[in-house]
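A quick write-up on the structure given underneath.
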Amino acid sequence: MKILVTGGLGFIGSHTVVELIEDRHEVVIVDNLCNSKIEVLDKIEKITKVRPTFYKYNLTILEDVRKIFENHTFDGVIHFAGLKAVSESISMPIEYYENNLISTLNLLRCMREYSVKNIVFSSSACVYGIPKENPIDEEFPSNIATNPYGRTKCFIEDILRDCYIADNTLTITILRYFNPVGAHASGLLGEDPNGIPNNLMPFILRVAGGETDTLKIFGKDYDTEDGTCIRDFIHVVDLAKGHVKAIDKVKDAGVHVYNLGTGKGTSVLELVDTFNKVNGDIVNYEFADRRPGDVPVNFAKADKARLELEWVAELTIEDMCKDAWNFRKHKK
Ligand code: UD1
């Protein structure tokens, strides 16, 4: 199939492009490089021996999006592009709503104009807010994100449902990611945020790489076995393969929602200890106050994706830690 991948040079997007090409799909990428680098295109080519067509466009400009659809006949779209830093979204809500919503509306408008009927949307477990229990089922209340970034995901999910009501020939797949970490086994692709990172693994890598002295673990008095928060860390290559399964398996019109997680919770401290175990003792850490807004425990029920997409996460926490550090080392 010919697939348009928005945000295809970003962390999850680039890994997904590789898996799509390896599954023999033809890929066109649009990315405005606001949180990614053009060199990622060379790395994709190095891994797959294919250089996807690339547009450096901003999806908030409708005319530019239209040009892409004029030039190609797509079978489907995978929509990753969006701003995604939680703390930034709290201080810049207008920019977050403007960018994430207008991009999506422009994309959906062009899909309608050019009769492209299939979209996979990159959503997040943050739509579940603070869940009443774990593991989190797809049927749990899911319109209750706690910050503007998360609310853009909730709004877009609603917009997609409304688009389906208006056109019931659409095939819409919403993938709710848990905590993607790790990197491509080649060491060529990984998470490389511009500026100060927000998430745990990029911070661990900064400490391992000597850019920062000590990792702060936020909170050691949560009601968990070791007192630190629990997350469902998932290897980005597994996550990328989940998208290929969504493209290959979901054929029926409708709105289909899947959690992409491992189904297993791992504490922040366990992740850091595993990182040190597999990579040598290179991450100093100390405990700090809880980070406001953190959900204590968050992990997926992953059965629906296993049964319907025939997808399960296969890589381990050890793989995630080894591959993430391997990528960071190559970067030096
Ligand atoms: C956060 C967002 C989520 C978003 C996801 C990916 C919230 C409530 N959730 O998830 O909406 O989809 O990022 O961008 O903001 N930690 C440390 N030290 C650090 C960094 C993090 O101890 O230096 C801890 C955090 O307190 C948390 C865990 O590591 O307990 C994971 O944090 P993070 O990687 O930011 O992801 P989430 O909070 O799960």
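Residue numbers count from 1 along this sequence.
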*Any T60 side-chain heavy atom under 4.5 Å of E98 side chain*: no
*Taking ring-ring contact (aromatic ring centres under 6.0 Å, His included) as the test, write out the residues that go with F203, two or more places apart.*
none
_Would you say that L83 contacts N35 through its side chain, given a criterion of any heavy-atom pair below 4.5 Å between the two side chains?_
no
*Look at the rings of F155 and Y97 and say which category their plane angle falls in: under 30° parallel, 30 to 60° tilted, over 60° perpendicular.*
tilted
*Do H72 and L4 touch side chain to side chain, with heavy atoms closer than 4.5 Å?*
no
_Any donor-acceptor N or O pair under 3.5 Å, side chains E286, T214_ = no
*Is the shortest distance from a Lys or Arg side-chain nitrogen in D23 or K241 to a carboxylate oxygen in the other one below 4.0 Å?*
no
_Hydrogens and angles aside, do H25 and D248 bring a side-chain donor and acceptor to less than 3.5 Å of each other?_
yes
*Note: K67-D64 ion pair, threshold 4.0 Å (strictly below)*: yes
_L189 and V40, any side-chain heavy atoms less than 4.5 Å apart_ = yes
*Report the residues that fulfil ring-ring contact (aromatic ring centres under 6.0 Å, His included) with F11, sequence neighbours left out, ordered by chain and then residue number.*
H15
*So do the side chains of R151 and Y96 get within less than 4.5 Å of each other, counting heavy atoms only?*
no
*Compare all side-chain heavy atoms of L205 with those of E191 and state whether any distance is below 4.5 angstrom.*
no
*Give a yes or no on whether the ring-centroid distance for F69 and F74 is below 6.0 angstrom.*
yes
_Run the side chain to side chain donor-acceptor pair (under 3.5 Å) test on Y258 and T173 for me, step by step, so that the C-alpha distance in whole Å, both residues' side-chain angles and the decisive distance to 0.1 Å come before the verdict._
CA-CA 8 Å; Y258 297 98; T173 309; over 6 Å; no
_Side chains of I21 and P52 in contact at under 4.5 Å (non-hydrogen atoms)_ = yes
*Residue of the set I44, L9, V236, I47 for which side chain to side chain contact (heavy atoms under 4.5 Å, CB included) holds with S14*: I44
*Taking the six-membered ring for Trp, are Y128 and F140 parallel (under 30°), tilted (30 to 60°) or perpendicular (over 60°)?*
perpendicular
_Geometric class of the Y57/Y55 ring pair [parallel <30°, tilted 30-60°, perpendicular >60°]_ = tilted
*asked:* Among residues at least two apart in sequence or on other chains, which ones pass side chain to side chain donor-acceptor pair (under 3.5 Å) with K37?
replied: D192, N194
*SB check R161 E157 (cutoff 4.0 Å)*: yes
